[in-house]
Amino acid sequence: MNRAVPFPEAVNRAVRALRPGEVASYGEIAEDVGAPGAARAVGNVLAGCDPTLPWWRVVRADGRMAVGKEEDQARRLRAEGVDVRDGRVRIR
DNA sequence: TATCTGACGATAG
DNA sequence: CCTATCGCCAGAT
């Protein structure tokens with residue numbers, strides 16, 4: 001028995017499942033891959049993820065952008081129709 | 001095996 | 001609303 005799919009790969013898949021305009025938090029992705037509370041670990045994976053992976057659809061729990069990528073991420077999200085206000089995704 | 005790191009999260013002040 | 005601190009997890013060294 002085998003262990004579950006390697007963490008980075010599982011995260012990779014969860015992020016790829018996100019569709020344009022759809023946004024999720026690191027914590028949400030962590031839960032999706034069966035590792036609740038591993039939000040930081042998810043961030044570490046996205047930090048070195050494949051460039052083809054839509055990493056910009058993953059934001060902080062409070063709707064803020066990834067540290068160091070705020071401009072780039074906000075720009076990409078806006079291009080998909082996401083409402084970004086003052087550097088953070090609009091939380092309803 | 002031990003320790004440190006980080007694209008996080010929640011709470012306290 | 002803001003910053004500061006602690007707690008969390010998986011990977012890297």
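What you see below is based on every heavy atom in this structure, not just the backbone, and it leaves out hydrogens, waters and symmetry mates. Computed from a predicted model, the values in this text were never measured in an experiment. The chains referred to below are lettered A, B, ... by the order of the sequence lines, with proteins before strands, and numbering in each begins at 1.
Closest of all the heavy-atom pairs between A:Leu18 and A:Ala24 is CD2-CB, 3.9 Å.
Around CZ of A:Arg13, the count of heavy atoms belonging to other residues, nucleotides or ligands within 6.0 Å does not exceed 12.
For the pair A:Asp62 CG and C:dC2 C1', the computed distance is 12 Å after rounding to whole Å. The distance from atom CG of A:Asp86 to atom C1' of C:dC2 is 13 Å, rounded to the nearest whole Å. Rounded to whole Å, atom P of C:dA10 lies 15 Å from atom CG of A:Leu46. Rounded to an integer number of Å, the gap from A:Glu70 CD to B:dC8 P is 10 Å. Following rounding to the nearest Å, A:Arg76 (CZ) and B:dA7 (P) show an atom-to-atom distance of 17 Å. B:dC8 atom C1' lies 16 Å from atom CH2 of A:Trp55, rounded to whole Å. Between the CD atom of A:Glu31 and the P atom of C:dA10 there is a distance of 14 Å, given to the nearest Å. Atom CZ in A:Arg60 sits roughly 10 Å away from atom C1' in B:dG6 (whole-Å rounding).
Using a 4.0 Å heavy-atom cutoff across all strands shown, A:Gly27 reaches sugar-phosphate atoms only and no base atom. Using a 4.0 Å heavy-atom cutoff across all strands shown, A:Ala38 reaches sugar-phosphate atoms only and no base atom. Nucleic acid contact class of A:Ala66 (heavy atoms, under 4.0 Å, all strands): base. At the heavy-atom level, A:Phe7 lies under 4.0 Å from the strands shown only through sugar-phosphate atoms.
A salt bridge links A:Glu80 with A:Arg57: the closest approach of a Lys/Arg side-chain nitrogen to an acidic carboxylate oxygen falls below 4.0 angstrom.
Two residues are said to be in side-chain contact when any heavy atoms from C-beta on lie closer than 4.5 Å; A:Val89 and A:Asp83 fail this criterion. Residues A:Phe7 and A:Val42 meet the side-chain proximity criterion, which asks for heavy atoms closer than 4.5 Å.
Listed nucleotides: C:dC2, B:dA10, C:dA10. Nearest to the side chain of A:Asn44: C:dA10. In this structure, of C:dC9, C:dG11, B:dG9, it is C:dG11 that holds the atom nearest to the side chain of A:Pro8. Taking every side-chain heavy atom of A:Ala61 into account, B:dG9 is the closest of B:dC8, C:dC2, B:dG9.
Taking side-chain N and O atoms only, A:Arg40 has no distance below 4.0 Å to OP1 or OP2 of B:dG6.
Applying the Watson-Crick and G-U wobble criteria (two distances, each under 3.5 Å), B:dG9 pairs with C:dC6.
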